[in-house]
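Taking it in order: structure first as structure tokens, then the write-up.
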Amino acid sequence: MNNLQKTFCCVVRPKRKNDPRSNGYLADVRALGITGVEEIICNDLYFIRGIVNLNQVSRLAGELLHDPVTHEVETYIINTSAESHEVITQMTASHGMIDVALRPGVTDPVADQIVRAAELLGIDGINAASTGLRFFVKGEGVSEKKLRQLAERLFANAVIQRYALEPITPSFSEAAEASGQVETIRVRGLSSSGLLKTSGDRRAALNLDEMLAIQSYCLREGRDLTDVEFEMLAQTWSEHCVHKTFKSRVVVEHVRSDRTFPAAYKHLFNQTIRAATRDVNANWVLSSFRENAGIIEFDGEHELSFKVETHNHPSAIEPFGGANTGIGGVIRDVIGVSAKPIASTDVLCFGPSKTRLDDLPTGVLHPRRIASGVIAGIEDYGNKMGIPTVNGALWYDPGYIANPLVFCGSVGIAPRGSNPHGIVPGDRVILLGGKTGRDGLRGATFSSMTMDAQTGEVSGASVQIGAPIVEKGLVDVLMPARDLGLYHAITDCGAGGLSSAVGEMISETGGDIQLADVPLKYPGLVPWEIWLSEAQERMVIAVPPESVAELQGLCDRFEVSLTDIGCVSSTGRTRVYFHDQIVLDLDNQFLHHGLPQRQYTATIRQPRYLPGETVDGSQLPEIDFDKTLLDLLSHPNIASREPIIRVYDHEVQGGTVVKPLCGIRRDGPSDGCVIKPQMGKGRQAFVLSNGLNPEYGKEDPYEMTRLVMDEAIRNAVACGADPSRIAVLDNFCWGDPTNPETMGDLVQSAQACYDTAVRYQTPFISGKDSFNNEYLGMDGARHAIPPTLLISALGWMPDWEQALTMDLKRTGSLLFLVGEFKPAFGGSHYNLIHPERKVEEGLPECALKNPEIYRAFYSTVTRGIISACHDLSEGGLGVAAAEMCMGGRRGARIELPSDIHPARALFGETSGCLLVEVRPANRDLFLSLMESIPCRFIGNVLEEPVFKTVLKGNEVFSVGIPELLRAWKNESVEGETE
Amino acid sequence: MKSKALILFAPGTNRDQDVAAALQMAGAETDIHPVRSLYEKKQDWSTYQMLVVPGGFSYADALGAGRLLALDLTSYFSNQVQEFLAAEKPVIGICNGFQALVKAGILPETREPGETPRATLTFNQSNHFECRWVTLKAVSQKCIWTAGLSDLLDCPVAHGEGNFTVLDDQYTKALLENDQVALVYSKPDGNPADGVYPLNPNGSIGDIAGVCNPAGNVLGLMPHPENNIWTHQVPDRANRPDHFGLPLFVNGVRYASQL
């Protein structure tokens, strides 16, 4: 350490008293229910280290580190400047102080930029920088205990940050040297318990059969394993990477009364989801379940790819980083089929935001903090990548308090067939993008384990902050590289890092990899850590030697790092070196095909009530109609998403036709989004929508699955999609499959996926599953999530002008209810808001006629005679009609069917129904096209801004639109005075 | 001969292709150049009649939106930029590009190194990023991009640091008197937004959405007119057609072609 070297601290303070960011933190404190805090002042800290003097650093601070119009900056040498401590003593007389800094090794993009920028300013000699935050907290109850509570609950997350109640000592990342240290894992001669202990000690999540398979391999090879080999096997064989549960052999017990299931499945996935795609056999599906993303035909010249991933466990322990790297990961899946990412989706399941701090299980973050962190993480990544985030869903349930669900989706576009698959021996294995650290170590196995109170600490390394700009660089480089034909194969570094990416890429051929060449973030990584690291923003491609130079040129142009880490061989073995020491040498046959098939028992449960089993009207409770409607509109699962949607850029790339919010005031809830990609030269557009309903899942996983598939498809149809050209993705988030009931729920859902896909002729093109979404609290109690299936739909239309929105357009228009209207209360939101007056009955039955109904409706869409369309979902007809009124700021008069109890008609939930606006001039054509299809005239659009319902000529209730908006937005309405 | 636009591309720039499409539709040729290659190749800028700094998150907004791209403009490219300004060629900075031009001391007027800026773009009053459509009214007749635009202009904003803030209110007055306020946020009917959220989406003083330099050839604005050039981009076609963003680019290209 050079003794001329000094460390400086620059403190940047807002000039204004009411600084938005500081106020934001104060609001968060109150939202968390922490009392006694009156004021928070937030400063930025920049730590500068180097052989420089105070004047130089002050100049850097003045010109670069602050905005003189809004902020002031103070610079001092750490531990020597009395004056600086004056400021602190001054403040701490009235305020408590908390300093927060990133842990060493956590990505800090700003720090690197400071060093680069200083040189541009002609300030040389700075060799390191890092950043932090300083909080001054004022208030009655601000004790040290309170400060620590604030730090731990809000300001700092131990997973990536450290805090101090005095000036914090900065840490800097040092030049990186790896160590070649490799240990031998003894496998031969171990007893069953010994094998399981080894698996447990290394958090490998391998069961006895799998450990025994590894043991016999070792006996064949006549040696034990290196830690690199053991870790690669654990990762390659992890649930996350090979989906053992879905590939398992399943024995089925207790078949339910109303349906029969096979007595056994030889291979659950092949016999359900993949079988559906095979049997639908759609010629516009170009690739399904083969690559990182499913691919469909778009306009003759281009193909669309779509993938949805979950990032649940990381988001539970570090919400921002977890969601950040979740969206980053799924975007790389799309880059991994050589496509340009053009749209993102996010579906989020959280615990209720009103949960009391004291009611949280040990080691669990508050749902409000998880939600804000996750949303900020998606915002940060999607916006900075320049990809519009256009579709999503949000669901609150106590079952998600300890185990939130974060589904991230990405859509890409590429010229037809441009993704190469021609890897040959001799190709160079090229690593592109970010540096490698301990990030996400064992993430693949971690995500396959049940969480416990220690997970946060033990698996801390499993989460990190993403660097979207680095990932964007990968797109900037790889799209031209694809068009120039510079690579033979491509795959992304996700869970399992190089081990998974390179392992997959050379699984047919074999290859020799040199770990010593991999660029590192910081020193001390051992070979298995480099091989397994899940550092983000990295892609691996196989490049013919003659193309490497041209690729290097592209990388220089876009400031992307390129490293040659080895070559493709023809040995059929995966060999990894550290300098000249061989640290891994595995037979691909065993590595990729040696995993023994798992065996599970599934117990099919009988639902309490069968689908469509409803009580007589006379048994329905007396209800206050308008109050019930307003309560439903303000329910967190139904209320306006505008505050979230607005923080996502949904316009970048200029293709968004139907926005997430629509209507005259641009706040109506769209059923899906429609995008006309800039790359497509024709008029074709695609639709994104989704279906999700854990409330149904609790009652009956089979019917839930049919209903959410119907909802995803219905939402796409409601946006104008062609029902014969919709592809879907499955994302299962389930509990522990070794529990026969949990497995039974999975079998029911998977079988329903097959049955429904074939009936609707809607193929699955991709999917992902996440198991062990359960949590063992200190109390020893098991917190499981409801069986949750997300169906994401990718629809298509020949002409964007066909696109529909849900807002009422024109006074005097006619309203029709299209579909088999059979509302039921089982799993309904009516039951959720009236627990005491629950109507105990079955889920709505998913009508068999729905596909036929959608086809007929589509024939009216292509005629351009539909003014508005909205689907009936949570909250039923009442909520759907109210939302259409709000979207168009126009009233409606709904005549309730005389043959159904008004409560049931308004708030019961049904499958397959659309509420449609048609102009009187188009009435006859509409009805002729809908002949023989269930479709009833149900009302008119009114000039008067009021939603009213009548039954047999008598008014049931009427509510003004401003009142609807207040309830639905949980606020007073803005801009209404214009 | 078609006028040629140089579109600067920094790591994190993301509306480069959106603005290229708008300029092409307005009749210009466009070249998108990464700053790194521009710098190393010592590319000649004099063959270009227009300079465009597009939207995005250059350098991930590290140290504040546009700050590091501004540093590139004042260090690597200061000569080329000065030549552009001296020749009074059309220059436009949109969103992140606007932020960069302000922090580089090019807007609202040329600032000497070390001189304290009198205006900046800071965090939205709401303290968060916001994407929504707004209505803009063209005010400045001096600004070659907005002169003669009679129609209102609808387009999205998508930013977290678009709050135009000044050191002292006198300066706002000066900008108005000097006809440097190019675009203001307004109600759909063209009346002033009067700072009312969300019509004025970020709390900018005087509803200022865009300003030009004293010469009128350099325009910076937060909203994205390049994202309203096709009918399919218009959110509520049924009730509010037209009000496209294209005329602004047509203005700039026409001016450039007369150079």
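So you know, we letter chains A, B, ... as the sequences are listed, proteins then strands, and number each from 1.
One N or O on the side chain of Arg646(A) and one on the backbone of Cys131(B) form a donor-acceptor pair closer than 3.5 Å. When atom types are taken as modelled, the side chain of Lys472(A) and the backbone of Thr13(B) share a donor-acceptor pair closer than 3.5 angstrom. Of the possible donor and acceptor atoms, none in the side chain of Asp649(A) sits under 3.5 Å from a partner among the backbone N and O of Ala158(B). Asn383(A) places no side-chain N or O within 3.5 Å of a backbone atom of Gly56(B) that could act as its donor or acceptor partner.
Smallest separation of non-hydrogen atoms from Arg666(A) and Pro235(B): NE-CG, 3.8 Å. For Asp67(A) against Leu121(B), the heavy-atom pair with the smallest separation is OD2-O, 4.4 Å. Closest non-hydrogen pair, Glu63(A) versus Arg67(B), comes out as O-NH1, 3.5 Å. Residues Leu120(A) and Asp72(B) share a closest heavy-atom pair of CD1-OD1, 3.8 Å. Residues Gln113(A) and Ala62(B) share a closest heavy-atom pair of CG-CB, 4.0 Å. Across Gly654(A) and Asp18(B), no two heavy atoms sit closer than the pair N-OD2, 3.5 Å.
Both the backbone and the side chain of Glu651(A) come within less than 4.5 Å of a heavy atom of chain B. Contact annotation for Asn124(B): only backbone heavy atoms (N, CA, C, O) come within less than 4.5 Å of a heavy atom of chain A. Heavy atoms of Ala119(B) lying under 4.5 Å from chain A belong exclusively to its backbone. For Arg683(A), no part sits under 4.5 Å from any heavy atom of chain B, backbone or side chain. Residue Pro156(B) touches chain A through its side chain alone, counting heavy-atom pairs closer than 4.5 Å. Contact of Asp476(A) with chain B is made through the side chain alone, with heavy-atom distances under 4.5 Å. Residue contact with chain B, scored on non-hydrogen atoms closer than 4.5 Å, involves the backbone and the side chain of Lys384(A) alike. No part of Asp112(A) comes within reach of chain B, as not one of its non-hydrogen atoms sits under 4.5 angstrom from that chain. Of the two parts of His128(B), only the side chain, counted from C-beta on, holds a non-hydrogen atom closer than 4.5 Å to a non-hydrogen atom of chain A. Proximity to chain B is limited to the side chain of Gln678(A), based on heavy atoms less than 4.5 angstrom apart.
Heavy atoms from other residues, nucleotides or ligands lying under 6.0 Å from NZ of Lys173(B) number 12 at most. Residue Phe164(B) qualifies as enclosed at atom CZ: its count of foreign heavy atoms under 6.0 Å is above 12. At most 12 non-hydrogen atoms from other residues, nucleotides or ligands lie less than 6.0 angstrom from CZ of Arg810(A).
Outside the 6.0 Å centre-distance limit, the rings of Tyr648(A) and Phe129(B) are not counted as a close aromatic pair.
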- Test log, rule side chain to side chain contact (heavy atoms under 4.5 Å, CB included), inputs Arg132(B) and Glu642(A): CA-CA 10 Å; Arg132(B) 64 162 66 245; Glu642(A) 183 160 6; 3.6 Å; yes
- side chain to side chain contact (heavy atoms under 4.5 Å, CB included) between Thr70(A) and Phe123(B): does it pass, once the steps are laid out? CA-CA 10 Å; Thr70(A) 52; Phe123(B) 296 93; over 6 Å; no
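Contact count versus chain B (heavy atoms, under 4.5 Å) is highest, among Asp44(A), Val652(A), Ile387(A), for Val652(A).
Residue Lys676(A) holds its NZ atom at 5.0 Å from NE2 of His232(B), rounded to the nearest 0.5 Å.
One finds no salt bridge joining Asp236(B) and Lys809(A) here, because no Lys/Arg side-chain nitrogen approaches an Asp/Glu carboxylate oxygen to under 4.0 Å.
By the 4.5 Å heavy-atom criterion applied to side chains, Asn127(B) and Asn23(A) are not counted as neighbours.
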